[in-house]
There are 2 protein chains.
Amino acid sequence: MIKCPKCLQIDFVQKAGITRGKQRYFCKDCDYHFTLPTPSATTENKRHHQVTIMDIAHQLGISKSTVSRALRGHSDIHEGTRKMILDLAQQLEYQPNPLANALLKSRTNIVGILVPEFRHYFFPTMIMGAQEVLSKAGYNVMICQSDESYETEMANVKALMSSRVDGLLVSVTAQTNNFDHFRAVLRKEVPMVFFNRVCPELETPQVIVDDYEGAFQAVEHLIKQGYRRIAHLAGPNSLLVSRLRLNGYRDALQKHGLPLDPDLIIHYDLSEEKARIYANYLLSLPQPPDAIFAINDPTAIEIMLVAKSRGVKIPQELGIVGFSNDPVSAIIEPSLTTIEQPVWEMGRQAAKLLLEQMEHPHNVIHTLPTRLIIRNSSVNLSP
Amino acid sequence: MIKCPKCLQIDFVQKAGITRGKQRYFCKDCDYHFTLPTPSATTENKRHHQVTIMDIAHQLGISKSTVSRALRGHSDIHEGTRKMILDLAQQLEYQPNPLANALLKSRTNIVGILVPEFRHYFFPTMIMGAQEVLSKAGYNVMICQSDESYETEMANVKALMSSRVDGLLVSVTAQTNNFDHFRAVLRKEVPMVFFNRVCPELETPQVIVDDYEGAFQAVEHLIKQGYRRIAHLAGPNSLLVSRLRLNGYRDALQKHGLPLDPDLIIHYDLSEEKARIYANYLLSLPQPPDAIFAINDPTAIEIMLVAKSRGVKIPQELGIVGFSNDPVSAIIEPSLTTIEQPVWEMGRQAAKLLLEQMEHPHNVIHTLPTRLIIRNSSVNLSP
DNA sequence: AAAACTATCGGGAACTTTCCCGAAACTGAT
DNA sequence: ATCAGTTTCGGGAAAGTTCCCGATAGTTTT
């Protein structure tokens, strides 16, 4: 029968229930509960595991502490031992496990980047700028795109936070009106920097360009070219960029004594379809505009395509100016007048700011300059 | 003087060296070494730490195991206790620490994506496709770009591996001739899937499109349009796509009895500058080509810009066909004839393949179809 | 009422690394 | 030889989870 592992007797052993499908026994003599050892576990199929600090220590017959010291470049170690360890580590292709380190220090060395999209020129370039300084500082990057959806943005913030990123670089969606998910980030004291699509009501650093000045120059340029009825296809009001560029547009009109026609200002959600719809709407107005200042280049390009398809001549019948100097704007015909902004540099600045934040938090706003690039879409030949 | 903490006597205590700036003592009576306890450590500045499973357990007066079971949806738990735990977890905004889990299971739930660049349409779109299926499967994504540099690619592979990604999605650079860094990945048994810019000599799954067929159709289309002297601005020979598209080009010429002029085939490194240089070179040949088939759309667009700047009329004097249906190709004038490939779908397929790999490794090659899109850049009006 | 069982729960190991501190083996000085 | 100091190393705790297994209390069967 069943032998008690304690007293090696079988007389006093009786069944004592089943746990997880396994029979348990009880020895009345020893007052001892036990189960039979599982017959498996003989395979010894120790997972093909990465080589650890302990492997090195064992092979060298020393302690893990010493190996750690050697690897970390610590001082309390004999030069010979260090060399020995370093050699073996290289030979075994030892790679430190960042997970253990992260768990210990509760720092992942990962920063999250959250952007609305990266199909166009703007955000990829910005990300590249940020990645340049971050990877130099030893950080990896986790990129999420919210696809201009508020829900996706929230989900991404949550995912990034649960991944325990050390910091966050974010540009909000056109939909975002509620910023509670970002407040949650700040509550957990995770450093965060906004860029381009910022969030002024939150006490956190931001990197933007001089949107007001850029818009002002753009519209003034149109006015100087003789355009008089200038529309503005603007972004949603929730975005600070939209508001700033709208202000630049307004003030430029005002400065030159042009009336501000509310019908010529359209806020939209930055989607391609809506851009086309509103472009068509503007051009089919009883009194259509003779120029349009678009919130950004993709929008301007959509407008151009619509105008062309309607046979509206650019720049003679319709002047167009965009914003951000997307490479496509130089390729398209006629080439698109636009506002250049230092996109790569914005990414760099944002990353630098984030690194500073991780050292010691403080609140700053970086504003970078813009520059008007005059091309053909706005040079009115017959004013 | 100094009192021995063991016998509480001071008579037998004497100095016994200094370690890390701290005086040590020795009690001859007790044969006991000791140092004075540091006066600090009174601040109790326990780092603002995230709420853990232990916090919940303590507050509820239960064990961490029980909490873990409740959170993980295990069975061995009372319904009431589970509810209690779940409620408190929600109230405390508990988020499981993925680091601990990753360390335990040695799985990070992160996959690395390595692409040559993401400035253009192609790779961002592919990444989005991949991200769609990966995030649905609970994986986060770490994106690296090698910037068409072999060294950067190696560094990125190393970084991704040291981050302990669970899998790798990669598209190699135009420079990559040596694949040892990828062999190292396979040696460590980290699943890897190549897409687009694949590596046929490695035993690992790949996702490509039917490059040969696409190229063949493109060139045949040009021939049918009456073009006779068709050049090919090809990618580097190290890339399988380059070789396949070159073969398609060759066979199309051969099928229609056109001579294969080696001078009209140029391999280049896919950089913008070189594209311009070679486009100029081709167009200034004593016997310039009357059409060019470009390895991809960005290349074709560069060629168009060069041709335009030289006053070469497209498509009358020069037909152009690209590859990959970049959105810009529809915008540019004349619009660019190109080969459509299911980019988003490639990303999805690659990700799916990777997920399968992580389950049980096997070697497959997915080839997706292409489709010719005829636009204006190649429709010869006066053949 | 003893025997066998079920439903819950707790305790510890393990994952890998770093850090703190104690300890041994030396080197000089007295 | 004794004492003080230096150099080098080892042991253990900690980080947050999950998993394995043993251990109760209560319930049903014999």
Side-chain angles (χ1 to χ4, degrees), chain A residues 13-26 28 32-35 37-38 41 46-47 49-57 60-72 74-82 85 94-107 164, chain B residues 14-26 28 32-35 37-38 41 47 49-57 60-72 74-82 85 94-107 164:
Chain A
V13 172
Q14 62 188 37
K15 293 188 179 178
I18 298 174
T19 338
R20 281 168 296 271
K22 215 170 147 189
Q23 185 60 257
R24 292 187 74 219
Y25 299 94
F26 176 67
K28 278 213 297 197
Y32 179 61
H33 285 269
F34 63 92
T35 66
T38 48
K46 193 70 177 165
R47 284 197 52 154
H49 83 152
Q50 295 265 17
V51 30
T52 79
I53 217 172
M54 288 291 279
D55 296 330
I56 299 180
L60 258 34
I62 55 181
S63 83
K64 60 185 171 20
S65 309
T66 306
V67 179
S68 173
R69 266 193 297 270
L71 261 19
R72 300 253 61 201
H74 236 275
S75 58
D76 271 14
I77 191 164
H78 187 75
E79 195 48 50
T81 344
R82 149 180 287 137
I85 294 169
Y94 168 77
Q95 278 191 316
N97 189 330
L99 266 32
N101 200 10
L103 179 59
L104 198 58
K105 313 270 201 58
S106 49
R107 308 187 49 208
R164 295 290 208 276
Chain B
Q14 61 189 37
K15 292 187 179 180
I18 297 174
T19 337
R20 281 169 294 271
K22 216 170 145 190
Q23 184 59 259
R24 292 187 75 218
Y25 299 94
F26 177 67
K28 279 212 297 195
Y32 178 61
H33 285 269
F34 62 92
T35 65
T38 47
R47 283 197 52 158
H49 85 150
Q50 296 265 18
V51 30
T52 80
I53 216 172
M54 290 290 279
D55 296 330
I56 299 180
L60 257 34
I62 55 179
S63 83
K64 59 182 173 20
S65 309
T66 308
V67 179
S68 173
R69 266 192 298 270
L71 260 18
R72 299 255 66 199
H74 236 275
S75 59
D76 270 15
I77 191 165
H78 187 73
E79 196 47 51
T81 339
R82 150 180 287 139
I85 293 169
Y94 167 77
Q95 278 189 316
N97 189 331
L99 266 33
N101 199 11
L103 179 58
L104 195 59
K105 312 269 201 56
S106 49
R107 307 187 49 208
R164 294 289 207 277

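It should be emphasised that the depicted structure is a prediction, and the values quoted were computed from it without experimental measurement.
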Engineer: Without decimals, in angstroms, what is the distance between B/Gln14 CD and D/dA1 P?
Structural biologist: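 Rounded to the whole Å, the gap is 17 Å.
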Engineer: Can you list the steps and then say if A/Thr35 with A/Thr19 is a side-chain contact (heavy atoms from CB on, under 4.5 Å)?
Structural biologist: CA-CA 10 Å; A/Thr35 66; A/Thr19 338; 5.9 Å; no
Engineer: Taking the side chain of B/Ser65 as its heavy atoms from C-beta onward, which of C/dT8, C/dG10, D/dG11 lies nearest to it?
Structural biologist: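 When the side chain of B/Ser65 is considered, C/dG10 is the closest of C/dT8, C/dG10, D/dG11.
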Engineer: Would one find a side-chain N or O of A/Thr35 under 4.0 angstrom from OP1 or OP2 of D/dG22?
Structural biologist: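 True: A/Thr35 side-chain N/O within range (under 4.0 Å) of D/dG22 OP1/OP2.
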Engineer: So do A/Ile77 and A/Ile85 actually touch side chain to side chain, heavy atoms under 4.5 Å?
Structural biologist: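 When only atoms from C-beta onward are counted, A/Ile77 and A/Ile85 do touch, with a gap below 4.5 Å.
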Engineer: Are A/Val13 and A/Phe34 close enough that some pair of their side-chain heavy atoms sits under 4.5 Å apart?
Structural biologist: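 They are in contact (side-chain heavy atoms under 4.5 Å apart), so the answer is yes.
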Engineer: Which comes earlier along DNA chain C counting from the 5' end, the contact point of A/Gln95 or that of A/Gln23, where each point is its nearest nucleotide?
Structural biologist: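 The answer here is A/Gln23.
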Engineer: Of the nucleotides D/dT6, D/dT8, C/dT17, which one has an atom closest to the side chain of A/Thr81?
Structural biologist: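 The nucleotide sitting nearest to the side chain is D/dT8.
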Engineer: Between A/Tyr25 and A/Lys15, is there a side-chain heavy-atom distance shorter than 4.5 Å?
Structural biologist: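 Yes, their side chains come closer than 4.5 Å.
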Engineer: Is it the case that the side chain of B/Arg69 and the backbone of B/Asp76 share a donor-acceptor pair, with hydrogens and angles ignored and the cut-off at 3.5 Å?
Structural biologist: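 Checking the backbone N and O of B/Asp76 against the side chain of B/Arg69, a donor-acceptor pair under 3.5 Å is found.
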Engineer: Both B/Lys28 and B/Ser68 contact DNA chain D. Which one's nearest nucleotide lies toward the 5' end?
Structural biologist: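 Looking at DNA chain D, the more 5' nearest nucleotide goes with B/Lys28.
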Engineer: So which one's nearest nucleotide on DNA chain C is more toward 5', A/Ile53 or A/Arg69?
Structural biologist: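 With A/Arg69 and A/Ile53 compared, the 5'-side residue is A/Ile53.
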Engineer: Taking CZ from A/Arg72 and P from C/dC19, how many angstroms apart are they, rounded to a whole number?
Structural biologist: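 About 6 Å, once rounded to whole Å.
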Engineer: Round to the nearest Å and state the distance from A/Ile62 atom CD1 to C/dA23 atom C1'.
Structural biologist: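 Computing the A/Ile62:CD1 to C/dA23:C1' distance gives 17 Å.
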Engineer: In this structure, how many angstroms lie between the C1' atom of D/dG10 and the NE2 atom of A/His74, rounded?
Structural biologist: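 Checked: the NE2 to C1' distance equals 15 Å.
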Engineer: How close or far is atom C1' of D/dG5 from atom NZ of B/Lys22, stated in whole angstroms?
Structural biologist: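 Roughly 17 Å, once rounded to whole Å.
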Engineer: Of the listed nucleotides (D/dG10, D/dA15, C/dT16), which one gets closest to any side-chain atom of A/Ser63?
Structural biologist: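 Given the options D/dG10, D/dA15, C/dT16, the side chain of A/Ser63 is closest to D/dG10.
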Engineer: Just to confirm, is there a sub-4.0 Å distance from OP1 or OP2 of C/dG22 to any side-chain nitrogen or oxygen of B/Arg24?
Structural biologist: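 B/Arg24 to C/dG22 OP1/OP2: no side-chain N or O under 4.0 Å.
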Engineer: Indicate yes or no for a side-chain donor-acceptor contact from B/Arg82 to the backbone of B/His74 under 3.5 Å, with no hydrogens or angles considered.
Structural biologist: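 Checking the backbone N and O of B/His74 against the side chain of B/Arg82, a donor-acceptor pair under 3.5 Å is found.
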Engineer: Starting from P on D/dT2, measure out to CZ on B/Phe26 and report it in whole angstrom.
Structural biologist: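 Interatomic distance, CZ of B/Phe26 to P of D/dT2: 12 Å.
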Engineer: Within the 4.0 Å heavy-atom criterion, would you say B/Tyr94 contacts the bases, only the backbone, or no part of the nucleic acid?
Structural biologist: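 Sugar-phosphate only.
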Engineer: Applying a 4.0 Å non-hydrogen cut-off, can you work out what A/Pro96 is touching in the nucleic acid: base, sugar-phosphate, or nothing?
Structural biologist: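 Touches sugar-phosphate only.
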Engineer: Go through D/dA15, C/dA4, C/dA23 for me and flag the one nearest to the B/His33 side chain.
Structural biologist: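 Selected nucleotide (nearest to the side chain): C/dA23.
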Engineer: Can you say whether a donor on the side chain of B/Lys64 sits under 3.5 Å from an acceptor on the base of C/dG12, or the other way round?
Structural biologist: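 By the distance-only test, yes, there is a pair.
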Engineer: Name the closest nucleotide to the A/Leu103 side chain, picking from D/dA15, C/dT16, C/dC9.
Structural biologist: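 Selected nucleotide: D/dA15.
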Engineer: Please report, rounded to the nearest Å, how far the P atom of D/dT17 is from the CG atom of A/Leu104.
Structural biologist: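 Value for this atom pair: 15 Å.
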Engineer: Between A/Arg82 and B/Ala16, which has a closest nucleotide on DNA chain D that is more 5'?
Structural biologist: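 The answer here is B/Ala16.
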Engineer: Any side-chain N or O of A/Thr66 under 4.0 Å from OP1/OP2 of D/dG10?
Structural biologist: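 Affirmative; the distance criterion is met.
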Engineer: If only side-chain N and O atoms of B/His78 are considered, is one of them under 4.0 Å from the OP1 or OP2 phosphate oxygen of C/dA7?
Structural biologist: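 Checking B/His78 against C/dA7: no side-chain N or O falls below 4.0 Å of OP1 or OP2.
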Engineer: Nearest whole angstrom, please: distance from the P of D/dA14 to the CG of A/Asn101.
Structural biologist: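 Those two atoms, CG and P, are 18 Å apart.
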Engineer: So, does A/Tyr25 get its side chain near the phosphate of D/dA23, meaning an N or O under 4.0 Å from OP1 or OP2?
Structural biologist: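 No, outside the criterion.
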